There are 2 protein chains.
Amino acid sequence: MRGGVSVARVKLSDVARDAGVSAATVSRAIAQPELLSPDTLARVRASAQRLGYLPDGAARALASGRSLTIGAIVPTLDSAIFARALQAMQATLAQSGYLLLVASHEGSPAAETQAVRALLGRGVDGLMLVGAERAPDTTALLKTSGLPVVLTWCGDGHFTAITIDNALAGRLAAEHLIRLGHRRIGMIAGHLQFNDRQRARLAGARAALAEAGLALPDTLVVEQALTLAGGRAGCAMLLDRDDRPTALIGGIDVFAIGCLEEAHARGMAVPDHLSVVGIDNLDMSAHVSPGLTTVHVPTGRIGNLAAQTLIAMIAHQPVDRERVLPVELVVRRSSQRLA
Amino acid sequence: MRGGVSVARVKLSDVARDAGVSAATVSRAIAQPELLSPDTLARVRASAQRLGYLPDGAARALASGRSLTIGAIVPTLDSAIFARALQAMQATLAQSGYLLLVASHEGSPAAETQAVRALLGRGVDGLMLVGAERAPDTTALLKTSGLPVVLTWCGDGHFTAITIDNALAGRLAAEHLIRLGHRRIGMIAGHLQFNDRQRARLAGARAALAEAGLALPDTLVVEQALTLAGGRAGCAMLLDRDDRPTALIGGIDVFAIGCLEEAHARGMAVPDHLSVVGIDNLDMSAHVSPGLTTVHVPTGRIGNLAAQTLIAMIAHQPVDRERVLPVELVVRRSSQRLA
DNA sequence: TCTTCTGATGAAAGCGCTTTCAGTAAACGT
DNA sequence: ACGTTTACTGAAAGCGCTTTCATCAGAAGA
């Protein structure tokens, strides 16, 4: 039964009766106004307006097979990165009349599968996911659904994707430090399980070091939860080593900022005694002190493009298999030539 | 027409046929399994499983009048505060099988009305909104829809609300500074238009100052966009005055952190030459240096409770008209007794 | 033994909309 | 002037599910 306390809602047929037309005409007034005579259209609109008619989304979705809803599944909303991407997505989608249905999996592939199932069940018209690594179940679900899917940050060459070159980001960070004469470089990475972005960034940094004849031994890599506290803890571990690194790379800016704080707490001057480089270029990163050297990632852009791509796919327009957005080193004060 | 490339989806009737039962039975197997004999239930479940059946949300929503979807409209997702609240909401909702449909209005009452309309049209079962101030249109829409609505951060004594005492937050910040001997205190607030949280915080601070026989003249209050840059700019304006304040209150922590940065950039020591207090207690605030004195706001809790309350309202359970969560002063290093 | 429940299931009527298919009237072409 | 488009509108068949209502065993009570 129709739920709740609400007054009986005005429906299509009410508008039709009021305007003296058929239901079909009212429906067209909403979805394809160009098919109606200006006269009829005006009449229907007036009735709809006056009665306060609001189309029933469920009924529309059922009848048309389109829900005007896009799903997004991110690790968590509570992260500057994903929050920004989602805000950008949502804003772009809203312009086309789409709404965003969000879910988070907090690092659990099983939860992601669950979320995909839930969103699929809700009849979303498209789906945005983060990263390319996931449970085979999830991929199967996605494939058989035939739904437009856009991967973000990392692609798998299979699904459409809006990505950045995470390995390059890691590489740029490392090369910058190498260029400054650093030889013992440590890295704080997010837990690598189910996080291909962090793996790629780490791999990129490692490759750059290798090419310079340097190593990034496992002892100089620490995995941490993706929080400021994680960054501080990771930094502490690295600085407590006998062969203390002279420079640190944060797999995300949040880590790098954590390093800044930890170094500060220890009375260790950055960049004089320690160089720090992040990846992401958060708003905050320009404002901490010293300003954080980092690799800029066009986070908002990823969200915009994911939305646009999804809309294009829904409209059966051709889209690029994978769109790789540029990343770029942003040098600020937190890194300097090794004394 | 059913959309897209997808293989014809398995539907309820397919499962029914496969299990040798009626559609009604399959429906019950999903929604009210206790009504079926264990035997039948198992058979239906097996069929559903084997066929990979996924109920069609639109059809369910249409037939049952419930969409298992909750809407949330926030100023922006791209804010640590709202991101955290939404994450908490989403997590709580997911446990009850609800999904979160989000929209943002970016400070525009008209956009909020639009968003409410869109979400109402999508048949959400409940709605979370931020603040109590909005366009009359919006309120009317909400009222006539009869939908469960929960306001957050600020209530209006009319709709159900999960709030904090924003005025008290402002007061606590101000009283702390007064207690430390500060007499010239400035405040950076978010634009007060369509932001009752900021207005209340400002009013609370002002009241506390008045009670101490101090004034908060308009010249010592600057309105800024809710960003770090806004905080820095506001701080700069205040510090450039001849009657430079000895202490600053940030209407949000982000502002206060901006103050820290601006002071640092000017070589002005905090707290030696300037005390700074924020409101929110972001994760970051504990980690900046000096650690930010602030008023803790249980942001995640607001999200959790909003979700729980909405679920309770949907189930026609009684809920508190307004639940006011406690705020609390957290003293760190950024504030000190006036020399 | 006969009625009255109780528990499990099915038949069928929608939920409010979209969309095909027809149909009508006006505009056009020759 | 007459067939042929063209422009607009309506009738009706669903979309896939939920939910009343009815049915029918079998259990329980008299």
Side-chain angles (χ1 to χ4, degrees), chain A residues 1-4 6-45 47-48 51-69 97 120-123 125, chain B residues 1-4 6-44 47-48 51-69 120-123 125:
Chain A
M1 290 291 79
R2 289 258 113 214
S6 85
V7 187
R9 213 165 121 162
V10 177
K11 50 182 116 167
L12 190 72
S13 58
D14 297 327
V15 178
R17 186 165 350 97
D18 186 86
V21 298
S22 72
T25 298
V26 178
S27 176
R28 284 192 272 256
I30 295 163
Q32 316 164 67
E34 68 280 6
L35 289 186
L36 299 189
S37 75
D39 177 39
T40 314
L41 181 56
R43 203 143 34 89
V44 173
R45 286 203 168 141
S47 291
L51 300 181
Y53 173 64
L54 208 56
D56 179 312
R60 292 189 80 174
L62 181 57
S64 71
R66 264 167 287 111
S67 66
L68 291 180
T69 294
L120 247 33
R122 244 48 144 243
D125 296 336
Chain B
M1 291 287 77
R2 289 258 111 215
S6 85
V7 187
R9 213 167 120 162
V10 177
K11 53 182 114 166
L12 190 70
S13 58
D14 297 326
V15 178
R17 186 163 353 95
D18 186 85
V21 299
S22 72
T25 299
V26 179
S27 175
R28 286 192 271 255
I30 295 164
Q32 318 164 66
E34 68 280 6
L35 289 186
L36 299 190
S37 75
D39 178 38
T40 315
L41 182 56
R43 201 143 36 87
V44 172
S47 291
L51 300 181
Y53 172 64
L54 208 56
D56 180 313
R60 292 188 81 175
L62 180 57
S64 71
R66 262 166 287 110
S67 66
L68 290 180
T69 295
L120 246 33
R122 245 49 145 241
D125 297 336

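First the proteins, then the strands, lettered A, B, ... as listed; each starts at 1. Values below: all heavy atoms of this structure, side chains included; hydrogens, waters and symmetry mates excluded. Predicted model, so just to flag it, every value in this text is computed and none were measured.
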Original post:
Base, sugar-phosphate, or nothing for Thr25(B), non-hydrogen atoms under 4.0 angstrom?
Top reply: sugar-phosphate
**OP:** Please determine if a side-chain N or O atom of Arg66(B) lies less than 4.0 Å away from the OP1 or OP2 oxygen of dT19(D).
**Re:** yes
Subject >> Minimum-distance pair of heavy atoms, taken over all atoms of Val15(B) and Leu51(B) >> reply: CA-CD1, 3.9 Å
**OP:** Taking only heavy atoms on the protein side, list every residue of residues 16-24 of chain A lying under 4.0 Å from any atom of DNA chain C, sorted numerically.
**Re:** Ala24(A)
Subject >> Atom pair distance, as rounded to whole Å: CG in Leu41(B) and C1' in dA8(C) >> reply: 12 Å
Subject >> Minimum heavy-atom distance Tyr53(B)-Leu12(B), with the two atoms named >> reply: CE1-N, 3.3 Å
**OP:** Just grab all the salt bridge (Lys or Arg N to Asp or Glu O under 4.0 Å) pairs involving residues 24-42 of chain B, residues at least two apart or on different chains.
**Re:** none
**OP:** Rounded to the nearest angstrom, tell me the gap between atom NZ in Lys11(A) and atom C1' in dT18(C).
**Re:** 16 Å
Original post:
What nucleic acid atoms does Ser37(B) come within less than 4.0 Å of, heavy atoms only: base, sugar-phosphate, or nothing?
Top reply: sugar-phosphate
Subject >> Sugar-phosphate only, base, or nothing, as touched by Leu36(B) at under 4.0 Å among non-hydrogen atoms >> reply: sugar-phosphate
Original post:
Nearest nucleotide by nearest heavy atom, which residue falls closer to the 5' end of DNA chain C, Asp39(B) or Ala59(A)?
Top reply: Asp39(B)
Original post:
So how far off straight is the helix from dT1(C)-dA30(D) to dT30(C)-dA1(D), going by the axes through five pairs at either end, to 10°?
Top reply: 30°
